[in-house]
Protein chains: 2
Amino acid sequence: MEFKEAKDQFLQTWGALGSQWGINKTMAQIHALLMISPDSLSMEEVMEELQISRGNASMNLRGLIDWGIVYKEYKPGERKEYFKADQDVDSLARKIAIERSKREIKPALRVLADVKNFNDNPSNEAQKFKMKTEELYEFVSKADTMLGKIVNQKENWITKTIMKLMS
Amino acid sequence: MEFKEAKDQFLQTWGALGSQWGINKTMAQIHALLMISPDSLSMEEVMEELQISRGNASMNLRGLIDWGIVYKEYKPGERKEYFKADQDVDSLARKIAIERSKREIKPALRVLADVKNFNDNPSNEAQKFKMKTEELYEFVSKADTMLGKIVNQKENWITKTIMKLMS
DNA sequence: AATAAGTTTCAATAAATATTGAAATTTTAA
DNA sequence: TTAAAATTTCAATATTTATTGAAACTTATT
């Protein structure tokens, strides 16, 4: 396989993976592109490489900056902005995990906490509901804690986690 | 909050959570509904409760059965089919994890394994690409292993994992 | 074997999401 | 200031994904 071909396939695959794990396709692709680029890239270069519009590039670059995984860079004597990705693979995963917990899991937990305390009602159906929602609340809550624990170990968290799980 | 209201809100929330974690909204809602129901439900009942069409109910029930988290039940003297969910919360999460690994992570890994061995090329860009794709391959591969380890502990895997991560 | 009850399929449609492109805005250099 | 360069915004459009509903099919009953 030639380099150009390999690169394109990589960008496609990483985009698809990203869109399945909570960040959209273009965002994942831009991030991937910046990751593998030796130098920081201008918006033009990103547009060109991924064949996307200016608006799309602008919005998704901002998105990545909001997520804290891409940074702006200014080159001396140059007017335009350049972008570079956080070089650390782990930090991408960590930030996705944190963000998803905040945006999805925590809000869902609040609702679960709420509904499991509905005005009591002695019917069989209501009793089972209470039981199950309590169980689900516990489960989601534990899963969220687990995610936090995995991801908050400072470095090499995947390796560390696997090690601990060996025992 | 009244029971009916609590139930509806629960079904909504669980559906939203599901759709963010790789199973579609209706599927997650049907599963949730079956989980909290004391008795198994007919397709009619599912349609009625969630206000969805027959086709939708049929396809998503089949999907849940394919995933192995919902079962058909036949009541003596009754012609229609009834459905009940696996009562175990853990098994839902376990099956989602297994399925996602199989459908998304493993295929992506195959591509990564492939592209990182492109026909070598001494340019700076190509060298960095090689380095990063190798790194990403390692990362995804470890993450997949970790997911497998977490989920393959037989019972109480979340609790066990949290315990191990405490040390 | 005919018919009614129940289920599945799938083309058509709707809903949700992502992308474009050009006008409006902001920034910088002369 | 002014004007060119760069970026952002957002209504229009395209794409993707989910849902409907009715015809086709399957299964059970008489």
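Below, chain A is the first sequence line, B the second, and so on; all start at residue 1.
Contact check for B/F139 versus A/L92: no side-chain heavy atoms found under the 4.5 Å cut-off. Counting heavy atoms from C-beta outward, A/K130 and A/F118 have side chains that approach closer than 4.5 Å.
Two residues, A/K25 and A/E81, neighbour DNA chain D, and the one matched to the more 5' nucleotide by heavy-atom proximity is A/E81. In terms of position along DNA chain C, the nucleotide closest to B/R79 lies nearer the 5' end than the nucleotide closest to the other residue of the pair B/R79 and A/E78.
Side-chain contact annotation: B/Q153 with B/T161, donor-acceptor N/O pair under 3.5 Å present. Between the side chains of A/E138 and A/S141, no donor N or O sits under 3.5 Å from an acceptor N or O.
Taking 4.0 angstrom as the limit, B/T26 places none of its side-chain polar atoms (N or O) nearer than this to OP1 or OP2 of D/dA18.
The separation between B/Q20 atom CD and C/dA16 atom P is 14 Å, rounded to whole Å. Whole-Å rounding puts the B/Y74 OH to C/dA5 P distance at 19 Å. In this structure, B/Y82 atom OH and C/dA5 atom P are separated by 15 Å, rounded to whole Å. One interatomic measurement links the two molecules: NZ of A/K72 to P of C/dT28, which rounds to 10 Å at whole-angstrom precision. Atom CD1 in A/I30 sits roughly 13 Å away from atom P in C/dA18 (whole-Å rounding). Protein atom NZ of A/K75 is 19 Å distant from nucleotide atom C1' of C/dT28, rounded to whole Å.
Side chain of A/K80, nearest nucleotide from D/dA6, C/dG6, C/dT8: D/dA6.
For residues 35-71 of chain B, proximity to DNA chain C is found at B/M43, B/R54, B/G55, B/S58, B/M59, B/R62, defined as any non-hydrogen atom under 4.0 angstrom from a strand atom.
Shown are A/R100, A/K106, A/K102, A/R110; of these, the salt bridge (Lys or Arg N to Asp or Glu O under 4.0 Å) with A/D144 is made only by A/K106.
Classification of A/D86 and A/K95 as a salt-bridged pair holds, one side-chain N sitting under 4.0 Å from a carboxylate O.
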